[in-house]
2 protein chains.
Amino acid sequence: MSTTLSQKISDSSDISMNVLTRPRERIVKSAIELFRQHGIKGVGVDAIAEAAGSNKMTLYRHFGCKDDLVCECLKQVSDEKERIWDNLENSYPGDPARQLRAWVDEAAQHIYSDLRGCDLANAAVELKEAGHPAQKVIMDAKKAHVRHLVELCRSAGIEHYEQLAQALVLLVEGARVCGQSIGVEGPQQQLKQTCEAMIDAFSGHGSNSDRAAVSN
Amino acid sequence: MSTTLSQKISDSSDISMNVLTRPRERIVKSAIELFRQHGIKGVGVDAIAEAAGSNKMTLYRHFGCKDDLVCECLKQVSDEKERIWDNLENSYPGDPARQLRAWVDEAAQHIYSDLRGCDLANAAVELKEAGHPAQKVIMDAKKAHVRHLVELCRSAGIEHYEQLAQALVLLVEGARVCGQSIGVEGPQQQLKQTCEAMIDAFSGHGSNSDRAAVSN
DNA sequence: TTGCAACGTTACTGACCGGTAACACACATT
DNA sequence: AATGTGTGTTACCGGTCAGTAACGTTGCAA
């Protein structure tokens with residue numbers, strides 16, 4: 001706990017970040033990246049400002065306090081996640097079943113290549129203080145995510161669409177947290193196969209032997 | 001971020017903790033509880049010592065640094081979790097299938113009544129510094145947990161026991177993290193039904209209609 | 001009784017952190 | 001040319017934190 005983290009962060013900071021963008025934008029971008037790497041409580045505002053090629057005063061002119069910056073970061077992260085639903089619709093228009101498979105595939109690929117977990121879930125772990133403003137942002141984003149997936153399962157003609165959506169959320173969230181705590185060899189390696197088997201089971205067009213084959 | 005957390009922690013600390021136990025034991029116990037409530041980085045060693053009815057000097061005589069104390073806490077938490085396997089064997093001796101159902105039931109009950117997530121997984125989120133000693137403790141405990149569940153599924157006669165065990169781990173871990181980020185209304189409410197449906201599917205003694213009934 | 005080990009108390013250090021004040025500069029608009 | 005807005009710089013404040021030093025106290029055991 002006595003390590004000088006500021007130095008390490010500064011070393012890996014991107015001072016040469018596109019100066020054409022406005023400081024506010026650069027600060028948020030740097031903050032998101034640093035929060036991902038070191039955790040929210042593991043990064044100071046000085047390090048964020050420096051990584052953004054700016055300074056603390058400018059940071060505080062745009063964000064009243066660190067918590068406000070954290071909320072803005074989480075909002076942008078959740079907005080980014082929201083875009084996947086439009087992307088799915090654009091990729092496979094009018095084919096919700098295919099969109100559901102694509103959602104699983106994308107989630108799995110992301111988890112296989114990045115062990116740092118979900119920014120929103122991680123923030124919820126760190127920010128436990130009662131009434132912390134970020135908690136509402138996190139909760140709203142997660143609820144919206146579940147809602148979207150439920151709707152997709154419903155559109156795909158799944159009878160028990162709500163149960164399937166909830167199960168898929170649990171699997172994906174579990175995979176992300178396992179990646180962080182267990183590492184590459186964790187059970188999240190089987191996420192894609194497990195989700196697909198789950199979808200098959202709920203779609204009602206798989207026999208026992210089919211499921212055994214899928215789970216193999 | 002300018003809140004005076006120490007005061008709040010002190011207010012809720014248990015100064016009257018059993019003085020018959022040794023300071024070291026009380027310190028670890030208080031630390032585990034405070035870490036659970038406020039996160040590891042959200043609690044200072046002073047608050048821990050005070051909550052244990054001891055002081056910082058005694059704390060540092062038993063633990064070289066805060067990280068050592070954190071490791072000891074996580075070890076005790078993982079030892080505690082290890083005991084469930086013996087408990088299951090004692091509760092339903094020679095009946096691994098029943099033990100597996102009981103494991104699901106216990107995990108679900110725990111998750112329904114406590115939204116604070118898994119101490120080990122939460123610690124992994126907070127302690128991202130490369131080579132942090134707690135990471136090995138967390139990883140070893142989580143791997144052992146998966147190993148035990150795989151073995152239980154194998155004993156229960158599940159054909160694809162490894163896939164089932166991994167899927168169950170993902171569901172349970174996902175449920176714990178959802179409780180933290182979404183709150184009581186999250187998809188973890190359906191954990192038990194989902195796990196049981198998953199076991200049924202892998203057990204190969206459930207028809208499509210059975211599965212539909214279970215998932216309802 | 002002596003001695004030792006564990007524990008408690010106070011005070012301190014050095015670093016870091018969130019946040020602010022005051023001033024200087026660059027640039028675009030009028 | 002004047003003005004205002006956004007930005008950079010330096011310095012500072014109060015607080016917290018991990019960790020240590022020095023000394024005093026308790027209680028047990030030989």
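Chain naming here is simple, since letters A, B, ... match the order of the sequence lines and numbering starts at 1 in each.
Here C/dC17 presents its P atom at 15 Å from CD1 of A/Ile40, a figure rounded to the nearest Å. If you take CD of B/Glu25 and C1' of C/dC7, they are 16 Å apart, rounded to a whole angstrom. Atom pair B/Tyr60:OH and C/dG8:P shows a separation of 16 Å (rounding to whole Å applied). Remark: P of C/dG18 and NZ of B/Lys41 are 12 Å apart, rounded to the nearest angstrom. Computed from coordinates, the A/His132 NE2 to C/dG18 C1' distance equals 13 Å when rounded to whole Å. The CG-C1' distance, from B/Leu69 to D/dG19, rounds to 14 Å in whole Å. Separating the NZ atom of B/Lys66 from the P atom of D/dT16 is a distance of 15 Å, rounded to the nearest angstrom. With rounding to whole Å, B/Asp46 atom CG is found 16 Å from D/dG15 atom P.
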Exercise for the section: Dump the intermediate steps for side-chain contact (heavy atoms from CB on, under 4.5 Å) on B/Phe63 and B/Val45, then the final yes or no. Expected result: CA-CA 11 Å; B/Phe63 308 97; B/Val45 286; over 6 Å; no
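For B/Glu82, the CD atom sits in a packed shell: over 12 heavy atoms of surrounding residues, nucleotides or ligands are nearer than 6.0 Å. For B/Arg98, the CZ atom is loosely surrounded, since the number of other residues' heavy atoms within 6.0 Å does not exceed 12. Remark: B/Glu185 CD is loosely packed, at most 12 non-hydrogen atoms of other residues, nucleotides or ligands lying under 6.0 Å away.
Note on the helix from C/dT1-D/dA30 to C/dT30-D/dA1: terminal axis deviation equals 0°, with five pairs used at each end and the result rounded to 10°.
For the side-chain contact (heavy atoms from CB on, under 4.5 Å) with B/Leu168, the qualifying choice from B/Leu152, B/Thr194, B/Leu100 is B/Leu100, the only one to do so.
A donor-acceptor contact under 3.5 angstrom links the side chains of A/Gln37 and A/Glu33, judged on distance only.
One N or O on the side chain of A/Ser78 and one on the backbone of A/Lys75 form a donor-acceptor pair closer than 3.5 Å.
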Taking N or O atoms only and anything under 3.5 Å, show me the protein contacts with nucleotides 6-10 of chain D, one pair per line.
residue, atom, partner, partner atom, Å
D/dT7, OP2, A/His62, NE2, 2.8
D/dG8, OP2, A/Ser54, OG, 2.8
D/dG8, OP2, A/Asn55, ND2, 3.2
D/dG8, OP2, A/Thr58, OG1, 3.0
D/dG8, O5', A/Asn55, ND2, 3.3
D/dG8, N7, A/Arg61, NH1, 3.4
D/dG8, O6, A/Arg61, NH2, 2.6

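A 4.5 Å side-chain heavy-atom check between B/Glu173 and A/Arg176 finds every atom pair outside the cut-off.
For B/Asp105, the salt bridge (Lys or Arg N to Asp or Glu O under 4.0 Å) partners at least two apart in sequence or on another chain are B/Lys192.
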